[in-house]
Amino acid sequence: RSRSLHARVRPAQCMQFLQRVRLCLLLSVFGAGAQHAQLELCDPELHAGSATVEALRASAARLFELNEPTRADACLAAALSIVTAQLEALASEAEALRAYRAARKQHAAAPADSHGCIIHENGATLCLERAATSAESLAMSPVEHTELPTTARECTSEGEALSLVARIERGECTSCSTQTYEACVLDAAQRHWWAAARGFVNLLRSANVAVSSETRFALTQLRDESASVLSLLRQTRMDEATIRCAVLWAQGTTGVHLSVKFASRLDAPVTVLNVDNEQVTINETHVLFSGIGRQKPKRYVVEIELFEPIQPALSSWAFGSVGTVRFTLRKGNATEWKRLTLAAEGLPFKHRVWWEKQEQVEEEEKKLREEEAARKKKLREDEAAARREEAAREKARVEAEARRLEDEERAALRAKGLPLVEAAMAAMEALVAGPAEEAFEATRTATAGLLEAVGQASNQTAREYAESLLNSARSLSSTGFADLTKDALQSTVAQYAAFCQGLVPPAVEAEAGGGGGAGGAA
């Protein structure tokens, strides 16, 4: 090839090309992934940090003398891998210097920063200080200890960054970490090294590492800023125009919803997907929006004077689906608006009711009303149940209090009546023993006292029943036929005893236990 093109290609260029071809072939054969195994086979005491080309050569010669060609070949392969990496680094540094030199010749008056960096015409950042320092370190220090960049930030040119990607793919960058690939993507993109950025993205995918939202946001912002600059570059005074955006609107009880389309008609196709340099103002009476179309350098605006005041602090806006921006406005008063704008006609923009949203809002508010009604109904039911429980507790308390008072009254009556019952029974026994007129009157007096004590003095039936028992006892005891009237007299006495005991309330314990037969008889 060099013989056929010697008339057009200089020998130095041809030699440089052949050297780079040889370097690529060597790099395709030897990789750092096998370097550790080669060093282990060559000499276990050597490792990647201390192995030098001279040491490997000496080990290979010694092994050949010992008739161990396999281990000797491993030593030579490891030495060749080290030299190959150094040649690649030198070639990358040379490429960076050539690029910087060519850029300086083309833009001699271009300003440089404190590190000697300038912006190339293709947008890449070229730095002289890093390239010079690396080149000098390669020339002055032993070749074996050359430190290659491990991140995109350490690279001085896109070629060096691409070389880093290639070394990582071959497994030659032992100090490179997958945790730095994401930062390398962002650094390469910010320096406009797009090929290198794509290479690092491929490394991320191969390592199955997810990209964080912060990096995606930074790349998106870089894209959007570039797009906004291009949009402004495309814009000329002939292109400058103002488009009054069409508006859809719907309302609920407390809010108003707007959908602003980046077009002058609602039925127009979407040609502007989003805008830049947007400016939004929401106050009590107006909604203002303006922005420059990204696909078409037109200014899209909407100015609405609202039908009634709103609450700006509770209102919001956000970009909706492609080609729209949405507003949610909180009404100042929960009243229905007759229309969207204060003016009924003569408006500079098209608008109509947003029927789909209106139905959605009405359904949501209907659901909310039903839920509120159900909540209030349940609240009323709970309050009614609570009132019923309280009434039941109050009723039980009153009944318990009444029973307590009744028990106390019965106990007082019992305490008062029991001595009178005993006196009446004693008088009855005296009447049976000797039916004298004095015994009869004493029994009548004891019976009247008992009736008076238990509050039955006005009970004519009780008085007549007691009088009949007394007369019967007196008659039976005075017949003179005691044997014949004995049973009848005992029955009369027993009836009188039951009558007297029935006038006295039974004890509380006896009532709680199911007694009270005498009380029932009374």
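Bear in mind that the values here come from a model prediction, so they are computed numbers and not experimental data.
- Salt-bridge formation is detected for the pair Glu372/Arg375: a Lys NZ or Arg NE/NH1/NH2 atom is positioned less than 4.0 Å from an Asp or Glu carboxylate oxygen.
- Side-chain contact check for Ser177 and Thr180: no donor-acceptor pair (N or O, by modelled atom type) lies under 3.5 Å.
- In this structure, Ser81 contributes its side chain and Ala77 its backbone to no donor-acceptor pair below 3.5 Å.
- Taking each heavy atom of Arg294 and Val272 in turn, the nearest pair found is N-CG1, 4.2 Å.
- Of all non-hydrogen atoms in Leu164 and Cys155, the two that sit nearest each other are CD2-SG, 4.2 Å.
- Ion pair Glu158/Arg191 not flagged as a salt bridge, since none of the NZ, NE, NH1 or NH2 atoms sits closer than 4.0 Å to an Asp/Glu carboxylate oxygen.
- Under the side-chain hydrogen bond (donor to acceptor under 3.5 Å, both in side chains) rule, Gln360 has a single partner from Gln358, Glu362, Glu364, Glu363, which is Glu364.
- Checked for salt-bridge contact, Asp407 and Arg403 miss the test: no charged N lies under 4.0 Å from a carboxylate O.
- Salt bridge annotation for Arg397-Glu394: present, with a cationic side-chain nitrogen under 4.0 angstrom from a carboxylate oxygen.
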Sequence neighbours excluded and cut-off under 3.5 Å, please list the side-chain donor-acceptor pairs for residues 257-265, or say none.
from	atom 1	to	atom 2	distance (Å)
Ser259	OG	Arg326	NE	3.4
Lys261	NZ	Leu266	O	2.8
Lys261	NZ	Ala268	O	2.5
Arg265	NE	Asp267	OD1	3.1

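- Although no hydrogens or angles enter the test, the distance criterion places a donor-acceptor pair under 3.5 Å between the side chain of Arg167 and the main chain of Pro149.
- Within the structure, no pair that satisfies the salt bridge (Lys or Arg N to Asp or Glu O under 4.0 Å) test touches residues 332-345, not counting sequence neighbours.
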Would you mind writing out the side-chain donor-acceptor pairs for residues 308-320 within the sub-3.5 Å range, not counting sequence neighbours?
from	atom 1	to	atom 2	distance (Å)
Glu308	OE1	Thr335	OG1	3.1
Gln311	NE2	Lys331	O	2.9
Ser315	OG	Gln311	O	2.8
Ser315	OG	Arg330	N	3.1

